[in-house]
Amino acid sequence: MTEKRTVHDLALFGGPVAFEQIRHVGTPNIGDRSRLLERINDILDHRWLTNNGPYVQEFEKRIAEEAGVKHCVAMTNATIALEIVVRALDIRGEVIVPSLTFIATAHALLWQHITPVFCDVDAETFTLDPDRIEELLTPETSAIVGVHLWGRPCRIDKLTELAQRHNLKLIFDAAHAFGCTVNGKMIGSFGDAEVFSFHATKFLNTFEGGAVVTNNDELAAKLRVMKNFGFVGYDDVDSIGTNGKMSEVCAAMGLTSLESLADVIDTNFRNYEQYRDELSDVDGIEFLTYDSRERSNYQYVVTLIDESVTVISRDQLMDLMWAENVRARRYFYPGCHRMEPYDSMFPQTAARLPVTESVVQRVLLLPTGTAVSSADISRICQLIKFAVSHGEEIKQLLGVRRPDAALVFDQT
Ligand code: T4K
């Protein structure tokens, strides 16, 4: 990267880009390619490509072992898995859910004509605030869905106690949390069920994929039937069902990813530490931290930008970085409650979500994973440091040059 000496060296103002190739938040971690291709060849040789084949069965067994749970039911993706488990648990009416999550968590409910009732998160964990739930309960409330956001666990004990006291089902969206522990116990066996995502951008990927994990034998049996059209035998359908199956190739990718999990964690952790180290002297940039007593997948490098200190806003910094081909992301801005159809359905919600509203205005995720090198991270940190140390100048120039210009990331 040509060193940024003046603001005119910034790509946003016509300077050379820092990276020829885009650095993404979410570039997939790819395991041992030759091992994967071996598995794919074996699948092709046996011509069994899906429908609960040997690779899916092995993948389910391995995930259940890793997560310390009795049952893993692999699915097409986590959104479908959420939809099917909600159906299998006969959840209806209203469900308490955070707005600070990926839109899939809310859509999976509304898709089944269940009303998501958005609840604020607490300012420490950014997960569902148990102290804000009871005021939202109505006779229609049938469940709580917590999200282990960015791999950090929800307040599981409090949510469990609440759900029991009010006879509610409890599901955890653990899309970010495979391989993470709480009080030393692997995420996967809490609540009535937990849902993992193995999407390409996730810590462990199966191209597209998800799973429901549970210790409940009856629920697991029901999920297996529901994800396969309701079949209980040849020409024998005994209940409503859909097609939520994982294919053999996806399972092969999952098994291969599992074999390089320790390396991915090492890389993610090194990246996370390097970012924190190199940006430790930049005021106004706070890092989301992970409990060092627990296991984490460090899949997300999450910062909070305090514009009153950095002068340059989170969006201006993100715009500047996108222009340099660094695709930092403001997950999960603006919050599900401000996205459709929820914004139109519940126009007054924002007022009761002050923590969510504050987080979505400040959050910025930085590229990490095995596709990002230590040199990349240094360059990205230099860029951020340069931007913050020239905040006034950049703000003025943006004001002069680009008062109404769409932000780079809105044009892409
Ligand atoms: N619950 C939570 C809390 C979730 O975060 C998610 C998914 C779900 C439930 C639902 O899980 P799934 O049904 O998807 O299994 C991406 C993912 O598509 C989504 O799975 C994920 N959360 C979300 C956080 O991120 P987008 O809309 O940001 O995707 P996109 O296309 O912008 O990709 C993200 C970045 O990754 C881009 O900069 C490009 C890069 N990328 C992406 C893909 C697919 C690559 O470099 N290579 C790739 O193959 O949603």
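We count ligands from 1, going down the list as the structure has it; atoms in each ligand are counted the same way. What's counted below: heavy atoms across the whole structure, side chains too, no hydrogens, waters or symmetry copies.
- Looking at R362, R314, K395 one by one, the single match for salt bridge (Lys or Arg N to Asp or Glu O under 4.0 Å) with E307 turns out to be K395.
- Of the candidates F172, F126, Y300, F172 is the only one forming a ring-ring contact (aromatic ring centres under 6.0 Å, His included) with H148.
- Taking every non-hydrogen atom of A104 and a distance limit under 4.0 Å, the qualifying atoms of ligand 1 come out as 8 (C), 9 (C), 10 (C).
- Counting only heavy atoms of the protein, atom 25 (O) of ligand 1 lies nearest to Y331 OH, 3.4 Å.
- Residue contacts with ligand 1: P28 is included, with a non-hydrogen atom under 4.0 Å away.
- Atoms of ligand 1 lying under 4.0 Å from any heavy atom of S197, numbered from 1 in the order shown and given with element: 11 (O), 12 (P), 15 (O).
- Each of the following atoms of ligand 1 lies closer than 4.0 Å to a heavy atom of H24: 37 (C), 38 (O), 39 (C), 40 (C), 46 (O).
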Residues H176, K202; criterion side chain to side chain contact (heavy atoms under 4.5 Å, CB included); working and verdict: CA-CA 7 Å; H176 301 172; K202 294 292 185 297; 3.7 Å; yes

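- Taking each of P98, A106, A78 in turn, the one with a heavy atom nearest to atom 11 (O) of ligand 1 proves to be A78.
- Taking a cutoff of 4.0 Å between a charged side-chain nitrogen and a carboxylate oxygen, E58 and K61 do not qualify as a salt bridge.
- With respect to E218 and K222, no salt bridge is recorded, no charged nitrogen being found less than 4.0 Å from a carboxylate O.
- Ligand 1 has at least one atom lying under 4.0 Å from a heavy atom of G209.
- Using a 4.0 Å cut-off between heavy atoms, T79 contacts ligand 1 through both its backbone and its side chain.
- Residue-level proximity to ligand 1 for T27 is carried by backbone and side chain together, each with a heavy atom below 4.0 angstrom.
- Using 4.0 Å as the threshold, F198 has no heavy atom nearer than that to any atom of ligand 1.
- Inter-residue side-chain proximity for T201 and N205 is flagged as unmet; no heavy-atom pair is nearer than 4.5 Å.
- Residue contacts with ligand 1, taken as heavy atom pairs separated by less than 4.0 Å, involve V25 solely via the backbone atoms N, CA, C and O.
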Derivation and outcome, side chain to side chain donor-acceptor pair (under 3.5 Å), residues S280 and D277: CA-CA 5 Å; S280 57; D277 189 39; 4.7 Å; no

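- Residue R329 has at least one heavy-atom neighbour below 4.0 Å for each of these atoms of ligand 1: 28 (O), 32 (O), 34 (C), 35 (C), 37 (C), 38 (O).
- Remark: among candidates R23, H199, E208, the nearest residue to atom 44 (C) of ligand 1 is H199, based on non-hydrogen atoms.
- Listed by atom number, the atoms of ligand 1 under 4.0 Å from T101 heavy atoms are 3 (C).
- In terms of protein heavy-atom proximity, atom 9 (C) of ligand 1 is closest to D173 OD2, 3.4 Å.
- Between E294 and R152 there is no salt bridge, since no side-chain N of the basic residue sits under 4.0 Å from a carboxylate O of the acidic one.
- Between Y342 and H107, the distance from one ring center to the other falls under 6.0 angstrom.
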